[in-house]
Each structure stands twice: as C-alpha cells, then as structure tokens.
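For the single chain, residues carry numbers from 1 onward in sequence order.
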Amino acid sequence: MKIEAVTLCEIRMPLVHFFETSFGRTTARRILLVKLHAEGADAWGECVAGEHPYYSEESIDTAWQVITSELAPALIGKRIEKGSECAALFARVRGHRMAKAALENAAWVAEATAKKMPLWKLLGGTRKEIACGVSIGIQDSLEQLEEQVNTEIAAGYQRIKLKCKPGWDLKIFERIRNRWPKITLSCDANSAYTLADAKHLKEFDRFDLLMIEQPLWHDDFYFHARLQKRLKTAICLDEAIRGPRDADAAGELGSCRIVNVKVGRVGGFSSAIAVHDVCKQRKIPVWCGGMLESGIGRAHNIALSTLDNFLLPGDVSASKRYWKEDIIEPAVEVAPTGTIKISDEVGTGYKIRENLITKLTARELTVKAEAVSA
Ligand code: OSB
Ligand code: MG
C-alpha cells in the first residue's frame, strides 16, 4: 500500500476521575491521534505521550513536531507491505518512540485491513480473551482509595495496582490488605524512590505484592538489580524498558522478574513483539501497560495482549473508567470475570467515531506529498 498522507489530530478529553501518579495529577487528556491515508486502507494510531514530559522525555508537543517534520515525511509517498517496515524508515530519528509508535501501529492496522485479517492475528496473538487489571491513582484520602478499590473488585478486575510514593505507600498497603487479604495486589512508584530507600522498600515485602513497578530511576537497570537482590517481592520494570535490548540487559542483570510492555514506550508493535519474545525466552512474564489511552490506543493494547507471554493481567480496562464517551464503537467493556473478549473482525474490531473525533479536535494538520517534496 502507498502512504499518501498523514493527518494529525489533537483531541481534548476530560477524564471521568483525575489520575495521580508520583509525578503529578491529570484531569483532562490532550491526545494526539494520527490517520494514515493508504489507498483505501486508511487507519488510525494514537500517540501515548503525555501532556508533560514527566513519565518520559516525550510529550504531545514533541511528538507533534517530530511527526510533522521527520516521521510523516519519511513515510509519505512510500509503498510498504507491512507495518513492521516503518521502524527502518524511522531509524535515523533517535528516540521519540511514542511518536514512531503512533504511525507504525496505524500502519499495522492498515496492513490488517488490506489483508482482511484481525490485527491480533497479524501480531501473532493466540488468546481469545485477555485478563484485565486496574491502575488506581493516588487519592485525596484513604477512604476514597478504599472505595475505588471496592468498586473495581466488584466489577471483577483480576489485579489491583496502587500508585505509590513516599508517604503514600505502607499505609495504603496496610489498609487495602487488611480489608482484602487475598486479592492480587501490586504497586507502581514511577521512579519515586532511590537506593537510599532500600530499607523502606524492604517493608513492602510484608504485603504479599505481586510486584513493585519501577521503584527507582526511570533509566536505571544496575541499581534495580541491586535492589531486587534485597527484596522478596518481584520488581517490574516499566519506564526503563525501551526495547528488546533493554529487556535482555534487565534479564541478564536481574534488574526485574516481570516486564510491563507499553507499545508506545518501546516504539511500536514490532518492538513490542520483540520485547515480548526476549522476555519469553528468558522466562520473564510480561503484561500490557496503559497510558490513559482513548479507545484507539486501548484497542491496540487489547490486540497486543493476545500474545502468549502476556501472562499477567494488564492495565487494560473498560472505556467507562476513563471517558464519558469513547471515540470507538463499541466502547471497551470488561466482563464480570475481569476479561475482555477478542473480536474476530478485520482490523481492531472497533469502529472509529470520526464525527465525535471532529467535535473533540483542538488542532489538525494533514501532511501531504507536495509538502514533503517541496
Ligand atoms: O506507569 O503505568 C504507568 C498512566 C500514565 C503514565 C504512566 C502510567 C500510567 C498508568 C495508567 O498506570 C494505566 C491505565 O491506563 O489505566
Ligand atoms: Mg508504570
């Protein structure tokens, strides 16, 4: 298929409930969507970069810039057979993995559409349903947190992850574990601690957590390996794993025993599959992370989660936890068993509500061949 043009579209979507991590609170998302115009196999992708460069170096504004000036021009006018060919076309741009992933993932959807296949099959998935967990942000009070956990357990979610930071850790684990001694519980620090906190982090071992996600620096493997030796609880790396080499290094060093795969963070589906494969080889279970995605990114996460080494429940949860109205149809729904059923339809199995996207759009730009050659 020939890539004729790329449309960038920034939409604004208020969250149903604010989401707070150790690096800050989000109340409304600014989301960058991309649309590939590909000879009738048009397809959408989502850039998961945040409003600020706090989770990683990227933000929606850096992504907008690098897509319009580098990545879209590298694609437009090219004929590609497969989504996986994008990575080589983008290779001379260093980093900017979330920006690259938005386009590459759209190209995989275009490929699936052209081949009349479900995206999950094209990615190499095998599962017919996937296991879901939730990520619960830092709240204003312990009571509010307990109520949220109660709601999500009642909805059937198979794993509860609590965002934590110094001052919002032992007391929340204590409170939640006291009321629910048996649930699968984990935590995510988003790099809020240093090795000087090792003794404090050792206290986490008392709460039978499935994992502690990214406790130390966002770019570190070495000190996580030192910390992992001292902890009974498994460390899971999120931020630090930027691709398959990182997963290999982390596995060899013993920096973690579990890996969070986010397709945006690692640069797109081909890299996400490679991370999955390296971890499988090393017998490291993976799960699919989330970035407060709209339905477009969410549908891509669902497809990815069908690969067989996605052995733990992902942060892939129902649309209604985030949005009053999602931009896909049907909205993502989670069954009382805490699972999402995988569609056998062509592409993602979800339709894009383009009229709604238009209504939510704050800025839009189409990059075309004339502009590229000029
Ligand atoms: O670290 O997993 C994270 C959201 C934004 C940035 C980083 C993270 C998260 C989440 C949310 O935990 C997961 C979700 O989309 O529900
Ligand atoms: Mg995380």
> CD1 of I31 to CD of E51: how many Å apart, nearest 0.5 Å?
Replying inline: 8.0 Å

>> Strictly below 4.0 Å, N to O, side chains only: are R25 and D140 in salt-bridge contact?
In response: yes

>> Is there a continuous path of hydrophobic side-chain contacts, each under 4.5 Å between heavy atoms, that joins L32 to M98?
In response: no

> Roughly how far, to the nearest 0.5 Å, is the CD1 atom of I340 from the OG atom of S317?
Replying inline: 7.5 Å

>> Can you confirm if the aromatic rings of F269 and H300 lie within a centre distance of less than 6.0 Å?
In response: yes

> So does E293 pair up with R29, basic N to acidic O under 4.0 Å?
Replying inline: no

>> Could you check whether any side-chain N or O of T194 sits under 3.5 Å from a backbone N or O of A196, counting only pairs where one atom can act as donor and the other as acceptor?
In response: yes

> Within a strict 4.5 Å, meaning less than it, do heavy atoms of the C132 and P313 side chains meet?
Replying inline: no

>> Tell me whether E143 at atom CD has more than 12 heavy atoms from other residues, nucleotides or ligands lying less than 6.0 Å away.
In response: yes

>> Check for me, please, whether I80 and W44 land in the same ILVMFWY cluster - side-chain distances under 4.5 Å, paths through other members count.
In response: no

> Would you call D219 and R242 a salt bridge, taking side-chain N to carboxylate O under 4.0 Å as the test?
Replying inline: no

> With a cut-off of 6.0 Å (strictly less than), are more than 12 heavy atoms of other residues, nucleotides or ligands near NZ of K78?
Replying inline: yes

> Ion pair present between K262 and D315, side-chain N to carboxylate O less than 4.0 angstrom?
Replying inline: no

>> Measuring only between side-chain heavy atoms, which start at C-beta, is V6 closer than 4.5 Å to K35?
In response: no

> Would you find more than 12 non-hydrogen atoms of other residues, nucleotides or ligands less than 6.0 Å from K351 atom NZ?
Replying inline: no

> Could you walk me through whether Y350 and D326 pass the side chain to side chain donor-acceptor pair (under 3.5 Å) check?
Replying inline: CA-CA 11 Å; Y350 295 91; D326 204 343; over 6 Å; no

>> Can you see whether W180 has R175 sitting over its ring - NZ or CZ less than 6.0 Å from the centre and within 45° of the normal?
In response: no

> Does the distance from a Lys or Arg side-chain N to an Asp or Glu carboxylate O, for E252 and R282, drop under 4.0 Å?
Replying inline: yes

>> Let me check something: do V259 and L253 share a hydrophobic cluster, defined by ILVMFWY side-chain heavy atoms less than 4.5 Å apart, either directly or through other members?
In response: yes

> Is any side-chain N of the basic residue among K161 and E213 closer than 4.0 Å to the acidic one's carboxylate O?
Replying inline: yes

> Which other residues belong to the hydrophobic cluster containing M211, where Ile, Leu, Val, Met, Phe, Trp and Tyr are joined when side-chain heavy atoms lie under 4.5 Å apart, directly or via other members?
Replying inline: L210, I258, W287, L312

>> One pair to check against salt bridge (Lys or Arg N to Asp or Glu O under 4.0 Å): R321 and E152. What are the steps and the verdict?
In response: CA-CA 10 Å; R321 293 191 62 243; E152 306 302 2; 2.8 Å; yes

> Is the side chain of K100 donor-acceptor paired with the backbone N or O of G95 at a distance under 3.5 Å, no angle test?
Replying inline: yes

>> Assess the residue pair R30 and E10 against the criterion (salt bridge (Lys or Arg N to Asp or Glu O under 4.0 Å)); give the C-alpha distance rounded to whole Å, side-chain angles, the decisive distance to 0.1 Å, and a yes or no.
In response: CA-CA 7 Å; R30 291 171 57 204; E10 176 183 334; 2.7 Å; yes

> Salt bridge check: are D61 and R363 linked by an N-O gap of less than 4.0 Å?
Replying inline: yes

> Is a salt bridge present between R179 and E146, judged by a nitrogen-to-oxygen distance below 4.0 Å?
Replying inline: yes

> Does Q158 use its side chain to pair, donor to acceptor, with the backbone of G133 at less than 3.5 Å?
Replying inline: no

> Can E81 and R79 be counted as an ion pair, charged N to O under 4.0 angstrom?
Replying inline: no

> On the ring face of F207, is R177 found with NZ or CZ under 6.0 Å from the centre and within 45° of the axis?
Replying inline: no

> Is it true that K280 and D308 have a side-chain N and a carboxylate O under 4.0 angstrom from each other?
Replying inline: yes

> How about T233 and D205: does a side-chain donor come under 3.5 Å of a side-chain acceptor?
Replying inline: yes

> Listed by chain and number, what are the ring-ring contact (aromatic ring centres under 6.0 Å, His included) partners of W217, not counting sequence neighbours?
Replying inline: F223

> Does a side chain donor of either E354 or T358 reach within less than 3.5 Å of an acceptor in the other side chain?
Replying inline: no

> What do you reckon, is NZ of K2 surrounded by more than 12 foreign heavy atoms closer than 6.0 Å?
Replying inline: no

> Is there a path from W323 to I11 through hydrophobic residues (I, L, V, M, F, W, Y) whose side chains come within less than 4.5 Å of each other?
Replying inline: yes

> Does the side chain of T62 come under 3.5 Å of the side chain of H96 through a donor N or O and an acceptor N or O?
Replying inline: no

> Relative to the ring of F23, is the ring of Y54 parallel (under 30°), tilted (30 to 60°) or perpendicular (over 60°)?
Replying inline: perpendicular

> Can you find a side-chain donor-acceptor pair between S294 and Y322 that sits under 3.5 Å?
Replying inline: no

> Is there a path from Y55 to I136 through hydrophobic residues (I, L, V, M, F, W, Y) whose side chains come within less than 4.5 Å of each other?
Replying inline: no

> Using a distance-only test with no angle check, is there a side-chain donor-acceptor pair under 3.5 angstrom linking D238 and H218?
Replying inline: no

> Should we count CD of E147 as having more than 12 external heavy atoms under 6.0 Å?
Replying inline: no

> Is any side-chain heavy atom of I138 closer than 4.5 Å to a side-chain heavy atom of I172?
Replying inline: no

> Side chains of S270 and E104: do they bring a donor and an acceptor to under 3.5 Å?
Replying inline: yes

> Hey, what do you get for CG (D188) to CD (Q214), rounding to the nearest 0.5 Å?
Replying inline: 8.0 Å

>> Using 0.5 Å steps for rounding, measure from the CD1 atom of I235 to the CG atom of L237.
In response: 7.0 Å

